[in-house]
Protein chains: 2
Amino acid sequence: MNDMTEIDRQRRSGPRIEEVARLAGVSKSTVSRVINGEPYVSARARDAVHEAIARLRYSPNQAARSLAGSKANAIALIISEAGSRVLGDPFFAGMLRGVHAELAGRHTQLLLMLSRPEGHDDLVDYLGGGHVDGALLVSLHGDDPLPQRLHEIGLPVVVGGRPLGAASVPFVDSDNFTGGLEAVRHLVSLGRKRVATVAGPRDMAAGLDRLSGWRRGLGEAKLAADLVAEADFTPESGARAMTELLARAPDLDAVFVAADIIALGVLQVLHASGRRIPQDVAVVGFDDSLLASTATPPLTTVRQDVEQLGRTMTWRLLGELAGEDGLPPSLLLPTSLVRRASA
Amino acid sequence: MNDMTEIDRQRRSGPRIEEVARLAGVSKSTVSRVINGEPYVSARARDAVHEAIARLRYSPNQAARSLAGSKANAIALIISEAGSRVLGDPFFAGMLRGVHAELAGRHTQLLLMLSRPEGHDDLVDYLGGGHVDGALLVSLHGDDPLPQRLHEIGLPVVVGGRPLGAASVPFVDSDNFTGGLEAVRHLVSLGRKRVATVAGPRDMAAGLDRLSGWRRGLGEAKLAADLVAEADFTPESGARAMTELLARAPDLDAVFVAADIIALGVLQVLHASGRRIPQDVAVVGFDDSLLASTATPPLTTVRQDVEQLGRTMTWRLLGELAGEDGLPPSLLLPTSLVRRASA
DNA sequence: CTGAAAGCGCTTACAG
DNA sequence: CTGAAAGCGCTTACAG
């Protein structure tokens, strides 16, 4: 029992900065300067230190560095979802690719963390502890207090997707409103008169803003904006929503669907009802994910560049960490209509 | 310019343990004891401290705690793959689910980190810094030196999937050998005489061990073990391997495929060649992923419980962190044959 | 360009 | 049960 405790208490092995200094024949200060790439160090001292570091396989204690006021050289990507949903979702895959790309070549670790609101206390504790220099937050639902709380503990944060609460936190988002608007304009240009929408969840800006775009598009064309059904990001909920819309308005001739993955269920119900796409009902999706091009028929959709979203968030956060000024508080990335067979 | 530097240097805001102590009318020591849940603290002191913490919204600096010798209350799950491949792979999704499940209710953060060998230096630096108490490593290829390096810096590690190098590091794996053996025994019991295999990559134990099981099974039955082709974890490579096998042995009547996802390509080539499954060629996969039940025909396969793998790794690591003794150095989890239509 | 010293915010024997 | 003090391993003005 006591033995175990002792073993437990054992500090991490490995040399300290002190030993590096001794071997290199300089002071701890100089070693520190070399490690941190500061300019005023003689070439001789620098070489000696580098050699000593290599010889001793020295790796600085990050907790001490962080405590002494330096950076952690790490940022967190926090996904506010349960773990099981996240992997497998191409949205997060694209986002992660973008973050990685932007981080390439910098000596900055990425910590991917999944958290539901129940776990926020522990998460905030951890992030408040100097383990990371900043955080990227994605997939926030409703008015999740997380961005605000991180802001309060002084941690630089960039949110992916406009947050519904916390107005003061910088975010990067796709221009969902314009995307929805363009989708409807396209449908209207095709001569459609009864344009429904399967909207995304109302607790996320992506759902709300695409819906607003749809509404605005119909307003422009002086058409009724009354056919709305809601779905979450699954084909099943899309099928349910489409069934409901068809029951309410058998004469509808177009649907704007807030996500390609939802459109999968929509297409299925339309097929099952005997309607031809696009002759009887035109369909426009959102995302331009892989699903769009392999759907039957291939889906006309609004493209958002998720990887670019990840890159831009990372760029914005790193800029803030570097103390750059003139950074835009928030950014909206353009979307574009991709025409395929469904509309 | 100077302004920026100053702003940069600003320490995280928020109260210190000192202020909590003052407000609660006790010493820093006592506050620390309360925070760490130590037994010998008077109820009165404890209450006062808790109230002060709540009032001040105090959250301890983890870097300082870690430096002073306490734990980080976090573990890392390190996946040795490029980011883009990881998300979307049901193996990692299942693993992550298991780790999360085992961590539930403990105040332990999970850091998901992706790293290719090129990034190991930075990763080791970070992990050596007291930001985590231990690490779980999965998807190691070849004799990746990472487990050994982490071992050297004194970080407790558990590897998922038997590592090919570093013999001394504890690991948890599915019993791939027995899985492969059972698959072949089943094929032999069906009367098959020319049993080929599409093996997994040779730089991973999963590939090697399943192949060994296949070989052993054929040895038991006194059948030739000469029909081997290799694939990585993609349908395309499976198709290529099957094409090659068919060219070499048009009379083969069974194939053991090292993964369901590879089997997808195998089935496709067999169909295209006009062979009936299982009448002409029986096929057994590995994993029992979702793909297996939705394949055409539904795939007989060797089931491994990936979620359980994640749970067990986590349990083993936490056990070590808690200083438990009598922990098994490594564990092999059982696999089982799931019979469907393909064999 | 360099070193001695103070300090980052905690934890933990030690002594009471 | 509790407090004063030392110490964890770095970084960074400060003085040279």
Side-chain angles (χ1 to χ4, degrees), chain A residues 2 5-6 8-22 24-49 53 56 58-73 125-126 128-131 153-154, chain B residues 2 5-6 8-22 24-49 53 56 58-73 125-126 128-131 153-154:
Chain A
N2 264 344
T5 312
E6 255 179 66
D8 242 9
R9 284 272 136 263
Q10 250 177 36
R11 317 210 131 258
R12 294 261 187 292
S13 51
R16 299 292 111 93
I17 197 174
E18 179 82 54
E19 298 159 51
V20 176
R22 206 179 311 138
V26 298
S27 72
K28 293 194 302 174
S29 310
T30 297
V31 175
S32 176
R33 291 191 185 100
V34 172
I35 291 172
N36 292 293
E38 279 172 35
Y40 297 116
V41 182
S42 66
R44 228 187 113 207
R46 193 185 310 279
D47 291 348
V49 169
I53 288 177
L56 295 172
Y58 170 71
S59 157
N61 179 315
Q62 303 294 331
R65 299 183 82 179
S66 161
L67 182 57
S70 117
K71 307 186 306 161
N73 293 316
D125 275 1
Y126 188 80
H131 296 294
I153 64 173
Chain B
N2 264 343
T5 312
E6 253 179 67
D8 240 9
R9 285 270 135 268
Q10 247 178 37
R11 317 212 130 257
R12 293 260 187 295
S13 52
R16 299 291 111 95
I17 197 173
E18 179 82 54
E19 297 158 52
V20 176
R22 206 179 311 139
V26 299
S27 69
K28 294 194 303 175
S29 310
T30 297
V31 175
S32 176
R33 290 190 185 101
V34 172
I35 290 172
N36 293 292
E38 278 173 35
Y40 296 114
V41 181
S42 67
R44 227 186 114 207
R46 192 185 313 277
D47 291 348
V49 169
I53 288 177
L56 296 172
Y58 169 71
S59 157
N61 179 314
Q62 301 295 330
R65 300 183 81 180
S66 161
L67 182 58
S70 116
K71 305 187 309 162
N73 293 315
D125 275 0
Y126 188 81
H131 295 294
I153 65 174

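Just so it is clear: chains get the letters A, B, ... in the order the sequence lines come, proteins before strands, and each one is counted from 1. Atom set for the values below is all heavy atoms of this structure, side chains included, hydrogens, waters and symmetry mates excluded.
- Remark: P of C:dG7 and CG of B:L67 are 17 Å apart, rounded to the nearest angstrom.
- The listed nucleotides are C:dT12, C:dA5, C:dT2; the one nearest the side chain of A:S29 is C:dA5.
- Closest approach to the A:R33 side chain among D:dA13, C:dT11, C:dT12 is made by D:dA13 (side chain taken as heavy atoms from C-beta onward).
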Return a table of donor-acceptor pairs under 3.5 angstrom between the side chains of residues 38-47 of chain B and protein atoms on other chains or two or more places apart.
{"residue": "B:S42", "atom": "OG", "partner": "B:A45", "partner atom": "N", "Å": "3.1"}
{"residue": "B:R46", "atom": "NH2", "partner": "B:V41", "partner atom": "O", "Å": "3.1"}

- [ ] Under the side chain to side chain contact (heavy atoms under 4.5 Å, CB included) rule, what do A:R65 and A:N36 come out as? Steps first, then yes or no, please.
- [x] CA-CA 10 Å; A:R65 299 183 82 179; A:N36 292 293; 2.7 Å; yes
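- As a whole-Å value, the separation of A:R22 CZ from D:dG9 P is 13 Å.
- In this model, no side-chain donor or acceptor of B:S27 finds a partner on the base of D:dA4 within 3.5 Å.
- For A:N36, counting side-chain heavy atoms from C-beta on, the closest listed nucleotide (D:dT11, C:dT2, C:dT12) is D:dT11.
- You'll find that the side chain of A:R16 is closest to D:dG9, out of D:dG3, D:dG9, C:dT12.
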Open item on the list: Both atom distances under 3.5 Å, Watson-Crick or G-U wobble: I'd like the secondary structure of DNA chain C as a dot-bracket string, with | for pairs made across strands.
Closed with: |||.||||||||.|||
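- For the C1' atom pair drawn from C:dT12 and C:dG16, the interatomic distance equals 16 Å after rounding to whole Å.
- OP1 or OP2 of C:dT2 lies within a sub-4.0 Å distance of a side-chain N or O belonging to A:S42.
- Listed nucleotides: D:dT2, D:dT11, D:dC14. Nearest to the side chain of A:A68: D:dT11.
- D:dA13 and D:dG9 have their P atoms separated by 23 Å, given to the nearest Å.
- Atoms OH (B:Y40) and P (C:dT12) sit 16 Å apart, rounded to a whole Å.
- Partners of B:S59 according to the side chain to side chain contact (heavy atoms under 4.5 Å, CB included) rule, which considers only residues two or more places apart in sequence or in another chain, are A:D125.
- Distances shorter than 4.0 Å separate some side-chain N or O of B:Y58 from OP1 or OP2 on C:dC10.
- Nucleotide D:dC10 holds its P atom 9 Å from the NZ atom of A:K28, rounded to whole Å.
- For the pair B:E38 CD and D:dT2 C1', the computed distance is 12 Å after rounding to whole Å.
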